[in-house]
Amino acid sequence: MTNPLEGKTIIFLGSSVTAGSAAEDESFVEALAEWAGIIPVKEAVSGTTLVDQDEISYVRRLMTLDPTLRADAFVCQLSTNDASQDLPLGTMSDSVEPSAFDTHTVAGAIESIIAYAKTTWQAPVIFFTNTRYDSPRYGQMVDLLLQIQKKWDIGVIDLWHDPEMNAVSEADRARYMADDVHPSRAGYREWWTPVIERR
């Protein structure tokens, strides 16, 4: 049976989790290319943030991607680095105009990325979260993303609240995660990718 994702060009924007930094730079992106036959465009740099604080932020790297790509979807990581650096959350704007978004906040950066991706590639926009770990700040970011989801009608692969992901045993979690944030190769292939592929 042909996988419905086969031949689809998907843009991935993210940091170390998208890059696969704890799995020899092979994340769920490479697994989806192998298993589902997607054509990935992967823009992932470890240590980077959604919040626009330097030239390698998500917001600025987004602008370096080919605007003429015929993308079938745009997938963005809700970066854990914004939480670990305690960057400002901000609030969701009541506008859809890019000039209204404060990209020096998490909320403004997310909205800016959504607006640009929707306008540029006219393809579905999907964010994904990390699985649950001990970070109240990241939990607040997930809640903020879910608020923004309603405004913009985007997809969210919410691994943070996923009962299936949270029910994993401690033994499996130790095998699947290199640390609290980064999946191992087994973590991507046996735990994360099957769920991401279904969503």
Side-chain angles (χ1 to χ4, degrees), residues 11-23 25 27-29 41-65 74-120 125-162 165-166 177-183 187-188 192 196:
I11 300 170
F12 296 91
L13 178 66
S15 46
S16 56
V17 171
T18 303
S21 65
D25 294 329
S27 70
F28 66 92
V29 176
V41 178
K42 180 176 171 182
E43 172 53 52
V45 178
S46 295
T48 54
T49 61
L50 291 154
V51 168
D52 188 16
Q53 59 179 352
D54 54 38
E55 67 279 358
I56 55 172
S57 72
Y58 281 37
V59 170
R60 297 207 214 168
R61 286 188 292 121
L62 179 64
M63 305 301 174
T64 69
L65 293 168
F74 173 88
V75 177
C76 186
Q77 176 192 342
L78 188 70
S79 179
T80 59
N81 298 312
D82 296 76
S84 63
Q85 295 180 32
D86 200 26
L87 297 178
L89 291 175
T91 56
M92 183 175 66
S93 167
D94 58 6
S95 173
V96 294
E97 294 300 321
S99 60
F101 309 143
D102 180 1
T103 59
H104 295 97
T105 69
V106 172
I110 290 172
E111 291 204 81
S112 176
I113 290 166
I114 294 169
Y116 182 87
K118 277 179 170 277
T119 301
T120 302
V125 173
I126 303 159
F127 271 69
F128 74 93
T129 77
N130 255 65
T131 47
R132 191 175 290 271
Y133 67 105
D134 185 18
S135 175
R137 187 67 165 184
Y138 192 76
Q140 292 174 330
M141 286 176 55
V142 175
D143 292 340
L144 178 60
L145 174 63
L146 295 176
Q147 293 174 25
I148 293 171
Q149 176 188 23
K150 295 175 184 176
K151 172 182 174 180
W152 287 94
D153 191 28
I154 62 166
V156 174
I157 301 172
D158 183 4
L159 303 182
W160 182 266
H161 289 111
D162 190 293
M165 303 300 279
N166 288 326
M177 298 296 286
D179 54 37
D180 285 345
V181 169
H182 301 95
Y188 284 117
W192 281 44
I196 290 172

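Keep in mind the model is a prediction, meaning the values are calculated, not measured.
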Steps toward side chain to side chain contact (heavy atoms under 4.5 Å, CB included) verdict (Met165, Trp160): CA-CA 8 Å; Met165 303 300 279; Trp160 182 266; over 6 Å; no
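For Tyr188, there are no ring-ring contact (aromatic ring centres under 6.0 Å, His included) partners, not counting sequence neighbours.
Under the 4.5 Å side-chain criterion, counting only non-hydrogen atoms from C-beta, Phe127 is in contact with Ile113. Between Thr105 and Leu89, every side-chain heavy-atom pair lies at or beyond the 4.5 Å cut-off. Between Val156 and Ile126, the closest side-chain pair of non-hydrogen atoms is not below 4.5 Å. Inter-residue side-chain proximity for Tyr58 and Gln77 is flagged as met; some heavy-atom pair is nearer than 4.5 Å. A 4.5 Å side-chain heavy-atom check between Leu62 and Thr64 finds every atom pair outside the cut-off. Looking at heavy atoms from C-beta onward, Phe128 lies out of side-chain contact with Asp158 at the 4.5 angstrom threshold. Counting heavy atoms from C-beta outward, Val75 and Leu13 have side chains that stay 4.5 Å or more apart. Taking 4.5 Å as the limit, some side-chain heavy atom of His182 sits within range of a side-chain heavy atom of Ser21.
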Pairs under 3.5 angstrom only: tabulate donor-acceptor contacts from the side chains of residues 48-57 to other protein residues two or more places apart or in another chain.
residue	atom	partner	partner atom	Å
Thr48	OG1	Val45	O	2.7
Thr48	OG1	Arg61	NH2	2.9
Thr49	OG1	Val51	O	2.8
Thr49	OG1	Gln53	NE2	3.3
Asp52	OD1	Ser57	OG	2.9
Asp52	OD1	Arg60	NE	2.7
Gln53	NE2	Gln85	OE1	2.9
Asp54	OD1	Ile56	N	3.1
Asp54	OD1	Ser57	N	3.1
Ser57	OG	Asp54	O	3.4
Ser57	OG	Arg60	N	3.3

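With Lys42 contributing its side chain and Ala19 its backbone, the two residues share a donor-acceptor pair below 3.5 Å. Between the side chain of Ser112 and the backbone N or O of Gly108 there is no donor-acceptor pair closer than 3.5 Å. Between the Tyr138 side chain and the Arg132 main chain, no donor and acceptor come within less than 3.5 Å of each other. Judged purely by atom type and a 3.5 angstrom limit, Thr120 has no side-chain atom pairing as donor or acceptor with the backbone of Ala117.
Applying the salt bridge (charged side-chain N to carboxylate O under 4.0 Å, His left out) test to residues at least two apart or on different chains, none of the pairs has a partner in residues 89-107.
Counting all heavy atoms, side chain and backbone alike, Ser95 lies closest to Trp152 at O-CZ2, 4.4 Å.
Aromatic pair Phe74/Phe12: ring centres not closer than 6.0 Å.
Rounding to the nearest 0.5 Å gives a distance of 6.5 Å between OG of Ser79 and CE of Met141. Separation of atoms OG1 (Thr18) and CD (Glu43) is listed at 10.0 Å; rounding is to 0.5 Å. The OG1 atom of Thr131 sits 6.5 Å away from atom CG of Leu159, with the distance rounded to the nearest 0.5 Å.
Using modelled atom types, one finds no donor on one side chain facing an acceptor on the other under 3.5 Å when comparing Glu111 with Ser93.
Partner of Gln149 under the side chain to side chain contact (heavy atoms under 4.5 Å, CB included) criterion, out of Leu144, Val125, Ile154: Ile154 alone.
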